[in-house]
J.: 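I am attaching a structure below and will ask some questions about it afterwards.
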Amino acid sequence: MSNRDFDIIVIGGGHAGVEAALAVSRMGRTAAIVTMDASKLALMSCNPAIGGIGKSQLVAEVDALGGVMGLAIDATGIQFRRLNLSRGPAVWSTRAQADRRHYNQFIVDYVASDKHVTVIEALAGDILLENGRVCGIRTEDGRPISCHAVVVATGTFLGGLIHIGEQKIRAGRIGENAAYQLSEAFARMGFQLGRLKTGTPPRLDGKTIDWSQCQIQPGDEPMPRLSYRSKPRKFEQTPCWLTRTTARTRQIVMAALEQSPMFSGQISSTGPRYCPSIEDKFFRFADKPTHSLFLEPEGNGTDEIYPNGFSTALPESVQHEAIRSVTGLEEAVITRPGYAVEYDYCPTWQITPSLETRACAGLFFAGQINGTSGYEEAAAQGLVAGVNAVLGITGEPPLILDRSEAYIGVMIDDLITRSVTEPYRMFTSRAEYRLALREDNARDRLFAHANRLGLIPGDEFDSFRQLQSDTATEIDKLRKTRVKIAELGSLADRFEKTDDVSLEKLLKIPGVGLEDLMPLLARFDGRFSDQPEVLQRAAIRIRYEGYIAKQQREIAKFKKLEQERIPDDFSYARIQGLRTEAQQKFERFRPTSLGQAGRIEGVTPADVAVLSVYLKRHRAGAA
């Protein structure tokens, strides 16, 4: 292979770009991050938080594959909370409020310490090709930089246009340039481009907020972590606060609706369904007079507050008036206005499950260019794209995680089987096998991949194998250890006609948790593990083993359909009896398996049955 300046070039220094470059480095290859400002790597443009329902599962998977996101938030978070604990472990999630500046600095320092990663301050302007394959990029100032593969992780900067009322600013983030030449380059290369929108709320001066009118939202103790590698931290967590809009807020916003670019026709692209602007909320939910707002600190050492739930692109004067109508914000001062930002993306029928583009070998897309929203979604795609960029240049099979293995697999499969018409966000409800894809078992699912690809140190893999062994031993002890019914206190009424019961059976009683068993375990001095993680893993496995076994049977059926592979060059035009719509969908999305074909929007079970018959004939003919 000919010499290049770098093995992989990553365009963009956001969460996707950083994880891509670091994954390349962990696999022993060189990477360059081409970004406008080296001091703003993984800068949180919007909400200063990591995790949440469905998102912390992605963080755990990135962490299991050696990524940095979980480490960074654990080191710089100012508040940590566990969510959905009243429900089952399938949806338990963790969310951390970040110190925005310190998180960014942690990533900058982490990247700077990596000898395989170089940060180049420049705007990428073109993709260079050689015999139909990527061979480098050209910056907007004319510099060529050569490589073997490129990961594009441009975020909202690709054709970015900011809107504040009638004001338009060509930028990907307030105060920063956008990448327009690169959009033009993709168009020349034959890529179809679309437009999406996102937004951010104004920032407030916390010194001007009447906190006495707001409801405090403290962090959880003991404090959870998002990375298995993080060491416990002892510090006083910073609270967040809850307040509400008022009838006056609604009146102000609705009176100014035509001044909002989303309603004036200035913006025609689609925004995120699950994070609507305050204008959208009052317009779409006319029967709801008020809405909750979470006042979230941007970090320690700053008074700047992020009013989560008040995203807006209204004129600044209207923003000031509307904010001051909110309970507790009557004297609040806006330090930075909210805005909407439109940007280019490439509809995802143009990429493969490896995130490589169909049109150009060695070119990978990750993050918002694929139509997703969120730091966590971007980081996960960036890591996968970085790994597969390296595997592509070494001639090895790509890393493709399926829906039964990871939320990452769910997300990528969703992207390549559905037309993205609005920013995609991850939720636990998107994962049909979510009981098997828990936050706590990400390493069980992905560590073997990480070890095989060199994404984690070998000693970490060995330590985890020991943890698995200890968990199995603990489960066996809980099954064999029995306690007298008379010793169970209020739980004794649950049992009749027996003198004793196993600890395993106790854990399966609704409403009984591990914390209820701790006094009983203490009686067996030294017999049970003193590692909370071992006990928690054992308790979950025991309590939900029936449900997990049922889900594993469902996964086995899923795997069977996934193993029905479709050749890359398979021609759908020759299939008689296949509906025209299905044929067109198959040609566009190019499913890799019969199972994936059935998940394409607009495809019916009858279409899949017809395809299955022809696949069998195709295999028989090939034999």
Side-chain angles (χ1 to χ4, degrees), residues 48-64 69-99 102-103 106 215-242 294 296-297 299-300 376 428 438-444 460 463-464 466-468 470-471 474-475 478 503 506-507 511-526 528-544:
I50 295 293
I53 297 170
K55 289 173 173 281
S56 67
Q57 284 80 355
L58 286 172
V59 178
E61 291 172 1
V62 167
D63 193 59
M69 178 172 268
L71 274 176
I73 188 59
D74 282 349
T76 62
I78 59 176
Q79 187 198 86
F80 294 79
R81 298 186 72 182
R82 294 283 281 149
L83 310 176
N84 270 350
L85 293 185
S86 62
R87 303 174 66 186
V91 294
W92 291 351
S93 304
T94 306
R95 185 181 186 274
Q97 193 68 25
D99 185 310
H102 287 160
Y103 184 97
F106 181 98
Q215 180 183 343
I216 192 168
Q217 302 283 303
D220 287 348
E221 295 291 350
M223 191 169 62
R225 290 173 284 169
L226 283 95
S227 173
Y228 73 89
R229 291 170 287 171
S230 297
K231 304 299 182 186
R233 288 170 62 205
K234 291 290 184 181
F235 68 97
E236 185 175 348
Q237 297 190 61
T238 302
C240 297
W241 302 79
L242 175 66
F294 290 91
E296 301 174 342
N300 292 324
E376 302 83 0
T428 53
R438 304 185 308 276
E439 188 185 64
D440 67 275
N441 72 347
R443 282 181 290 167
D444 294 271
E460 289 187 12
S463 295
F464 181 67
Q466 184 61 53
L467 176 64
Q468 289 179 310
D470 292 345
T471 301
E474 204 71 7
I475 290 171
L478 289 166
L503 294 177
L506 283 175
L507 276 172
V512 176
L514 182 61
E515 64 280 2
D516 299 303
L517 262 65
M518 294 308 291
L520 294 174
L521 297 182
R523 299 179 189 178
F524 299 91
D525 186 33
F528 291 95
S529 175
D530 58 358
Q531 298 179 58
E533 185 177 13
V534 170
L535 284 169
Q536 185 66 53
R537 284 166 54 86
I540 290 173
R541 291 261 300 275
I542 285 174
R543 185 165 190 177
Y544 296 96

J.: Within the side chain of Gln237, is there an N or O that forms a donor-acceptor pair under 3.5 Å with the backbone of Phe80?
T.: yes
J.: Just to verify, what does Phe464 make a ring pair (Phe, Tyr, Trp, His ring centres under 6.0 Å) with, not counting sequence neighbours?
T.: Phe447
J.: To check you understand the geometry: which heavy-atom pair defines the closest contact between Val534 and Leu467, and what is its length?
T.: CG2-CD1, 3.5 Å
J.: Kindly write out the residues that satisfy ring pair (Phe, Tyr, Trp, His ring centres under 6.0 Å) with Trp92, not counting sequence neighbours, or none if the list is empty.
T.: none
J.: What residue pairs, at least two apart or across chains, pass salt bridge (charged side-chain N to carboxylate O under 4.0 Å, His left out) with a residue in residues 82-97?
T.: Arg82-Glu439, Arg95-Glu296
J.: Side chain to side chain contact (heavy atoms under 4.5 Å, CB included) with Thr428: which residues, sequence neighbours excluded?
T.: Ile53, Gln57, Val91, Tyr407, Arg434
J.: If you measure from CE on Met69 to CD1 on Ile50, what distance do you get to the nearest 0.5 Å?
T.: 4.0 Å
J.: Quick one: list whatever passes side chain to side chain donor-acceptor pair (under 3.5 Å) with Glu515, sequence neighbours left out.
T.: none
J.: How many angstroms lie between atom CG of Leu478 and atom CG of Leu535, to the nearest 0.5 angstrom?
T.: 7.0 Å
J.: For Glu474 and Ser529, indicate whether the former's side chain and the latter's backbone hold a donor-acceptor pair under 3.5 Å.
T.: yes
J.: Going by heavy atoms in the side chains, are Cys240 and Phe294 under 4.5 Å from each other?
T.: no
J.: Applying salt bridge (charged side-chain N to carboxylate O under 4.0 Å, His left out), which residue pairs with at least one partner in residues 534-543 are found, sequence neighbours left out?
T.: Asp444-Arg537
J.: So, using side chain to side chain donor-acceptor pair (under 3.5 Å) as the criterion, who are the partners of Ser463 when residues are at least two apart?
T.: none
J.: Could you list the residues that satisfy side chain to side chain donor-acceptor pair (under 3.5 Å) with Glu460, not counting sequence neighbours?
T.: Tyr228
J.: Measuring from Ile78:CD1 to Glu236:CD, what's the distance to the nearest 0.5 Å?
T.: 12.0 Å
J.: Can you name the nearest heavy-atom pair linking Ser230 to Gly70, along with the distance?
T.: OG-O, 4.2 Å
J.: Does anything in residues 215-230 form a salt bridge (charged side-chain N to carboxylate O under 4.0 Å, His left out)? List the pairs, not counting sequence neighbours.
T.: Asp63-Arg229
J.: If you measure from OG1 on Thr94 to CG on Leu85, what distance do you get to the nearest 0.5 Å?
T.: 8.0 Å
J.: Of all the heavy-atom pairs spanning Tyr103 and Ala72, show the shortest one and how long it is.
T.: CE1-CB, 3.5 Å
J.: Which heavy-atom pair separates Arg443 from Glu533 by the least distance, and what is that distance?
T.: NH2-OE2, 2.6 Å
J.: Under 3.5 Å, is there a donor-acceptor pair between the side chain of Gln97 and the main chain of Ala49?
T.: no
J.: Do Leu521 and Leu503 come close enough that some side-chain heavy atom pair is under 4.5 Å?
T.: yes
J.: For a quick test of reading the model, state the closest non-hydrogen atom pair linking Ile540 to Pro89 and the distance between them.
T.: CG2-CG, 4.2 Å
J.: Under the side chain to side chain donor-acceptor pair (under 3.5 Å) test, which residues partner Thr76, sequence neighbours left out?
T.: none
J.: Any salt bridge (charged side-chain N to carboxylate O under 4.0 Å, His left out) pairs touching residues 70-81, not counting sequence neighbours?
T.: none
J.: How long is the span from the OG atom in Ser227 to the CD1 atom in Ile73, to the nearest 0.5 Å?
T.: 11.5 Å
J.: State the CG-CZ distance between Asp99 and Phe106, to the nearest 0.5 angstrom.
T.: 13.0 Å
J.: Distance alone, cut at 3.5 Å: any donor-acceptor contact between the side chains of Thr238 and Asn300?
T.: yes
J.: Under the side chain to side chain contact (heavy atoms under 4.5 Å, CB included) rule, collect the residues that match up with Ala442, sequence neighbours excluded.
T.: Ala60, Glu61, Ala64, Arg445
